[in-house]
Amino acid sequence: MNVSTMNVENIMLAISSHERFSDLTCVFAYENDIKPTPISKPIIAFSAKGCEIGPKLTNTLDSGEIVTTKNREIKTTISMDIYLPYSMGGIAGHKIFERLTTFLLFEQNYNILKAVCDEAEYDSSCQAIVLKSQIVFHETVST
């Protein structure tokens, strides 16, 4: 299993198992553009968008010698598309995005480098408002 997929699963589990998010349905991103129609409650569709694995990190010893470690920095980009019933309005998507990112950053202690979302748009194919968003996570792992 690659690092990106593992993080998507971990994030989905952290969110979906928390009582505070019982009003949301968490799913892996919809394949082949087959989406439930119409949307009756908010759905968060997660997917891995990319993973950058950096070179092995180095440490400088007290003697001045530079030693290569087994550690690498990893940046993982995860997409969280928020689908909302039209009746909820676009601002509801931004509020959900804020709830999710605050939870991941401050309560789950994920190292988030960037969290961005687009403008909410109506998607006629699923009769829902969709807010596309991405979060970039940073971690150091030993290989």
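Side chains are part of it too, since the values below use all heavy atoms of this structure and drop only hydrogens, waters and symmetry mates. Numbers here are sequence positions counted from 1.
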Show me the donor-acceptor pairs, under 3.5 Å and distance only, between side chains in residues 90-109 and residues at least two apart or in other chains.
from	atom 1	to	atom 2	distance (Å)
Arg99	NH1	Asp23	OD2	3.1
Arg99	NH2	Arg20	O	3.0
Arg99	NH2	Asp23	OD1	3.0
Thr101	OG1	Phe97	O	3.0
Thr101	OG1	Glu98	O	3.3
Thr102	OG1	Glu98	O	2.8
Glu107	OE1	Arg20	NH2	2.6
Glu107	OE2	Arg20	NH1	2.9
Glu107	OE2	Arg20	NH2	2.9

Exercise. Rounded to the nearest 0.5 Å, how far does NZ of Lys132 lie from OG of Ser79?
Worked result: 6.5 Å
Exercise. Rounded to the nearest 0.5 Å, what separation is found between the OG atom of Ser87 and the CD1 atom of Ile39?
Worked result: 11.5 Å
Exercise. Is there any ring pair (Phe, Tyr, Trp, His ring centres under 6.0 Å) pair reaching into residues 123-143, and which pairs are they, with sequence neighbours excluded?
Worked result: Tyr110-Phe137
Exercise. What distance do Cys117 atom SG and Ile82 atom CD1 have between them, rounded to the nearest 0.5 Å?
Worked result: 7.0 Å
For this session: Check whether any side-chain heavy atom of Met80 lies under 4.5 Å from a side-chain heavy atom of Ile135, and answer yes or no.
Result: yes
Exercise. Counting heavy atoms not belonging to Tyr86, are there more than 12 under 6.0 Å from its OH?
Worked result: no
Problem set entry | Closest non-hydrogen atom pair between Ser17 and Leu13, with its separation | OG-O, 2.6 Å
Problem set entry | Flag side-chain contact, heavy atom, 4.5 Å: Ser16 against Phe21 | no
Exercise. Would a distance-only check, ignoring hydrogens and angles, find a side-chain to backbone donor-acceptor pair under 3.5 Å from Arg72 to Val141?
Worked result: no
For this session: Report the C-alpha separation of Asn111 and Glu139 in whole Å, then their side-chain angles, then the decisive distance to 0.1 Å, and conclude whether the side-chain contact (heavy atoms from CB on, under 4.5 Å) test is met.
Result: CA-CA 7 Å; Asn111 188 355; Glu139 60 187 326; over 6 Å; no
Problem set entry | Any side-chain heavy-atom pair of Thr140 and Leu57 under 4.5 Å | yes
Exercise. Are side-chain heavy atoms of Ile15 and Ile44 found at a separation under 4.5 Å?
Worked result: no
For this session: Evaluate the side-chain proximity of Glu73 to Ile53: yes if any heavy-atom separation is below 4.5 Å, no if none is.
Result: no
Exercise. Where is the tightest heavy-atom contact between Pro42 and Leu24, given as atom of each residue plus distance?
Worked result: CB-CD2, 3.5 Å
Problem set entry | Side-chain heavy-atom pair Met12, Asn10 within 4.5 angstrom cut-off | no
Problem set entry | Non-hydrogen side-chain atoms of Cys51 and Ile74 separated by less than 4.5 Å | yes
For this session: Give the intermediate values and the outcome of ring-ring contact (aromatic ring centres under 6.0 Å, His included) for residues Phe46 and Phe28.
Result: CA-CA 5 Å; Phe46 291 87; Phe28 286 106; 8.1 Å; no
Exercise. Just how far is it from atom CG of Asn59 to atom OG1 of Thr69, taken to the nearest 0.5 Å?
Worked result: 5.5 Å
For this session: Starting at CG of Asn71, measure out to OG1 of Thr58 and round the result to the nearest 0.5 Å.
Result: 10.5 Å
For this session: Quick one: closest heavy-atom pair of Ala29 and Ala45, and the distance?
Result: CA-CB, 3.9 Å
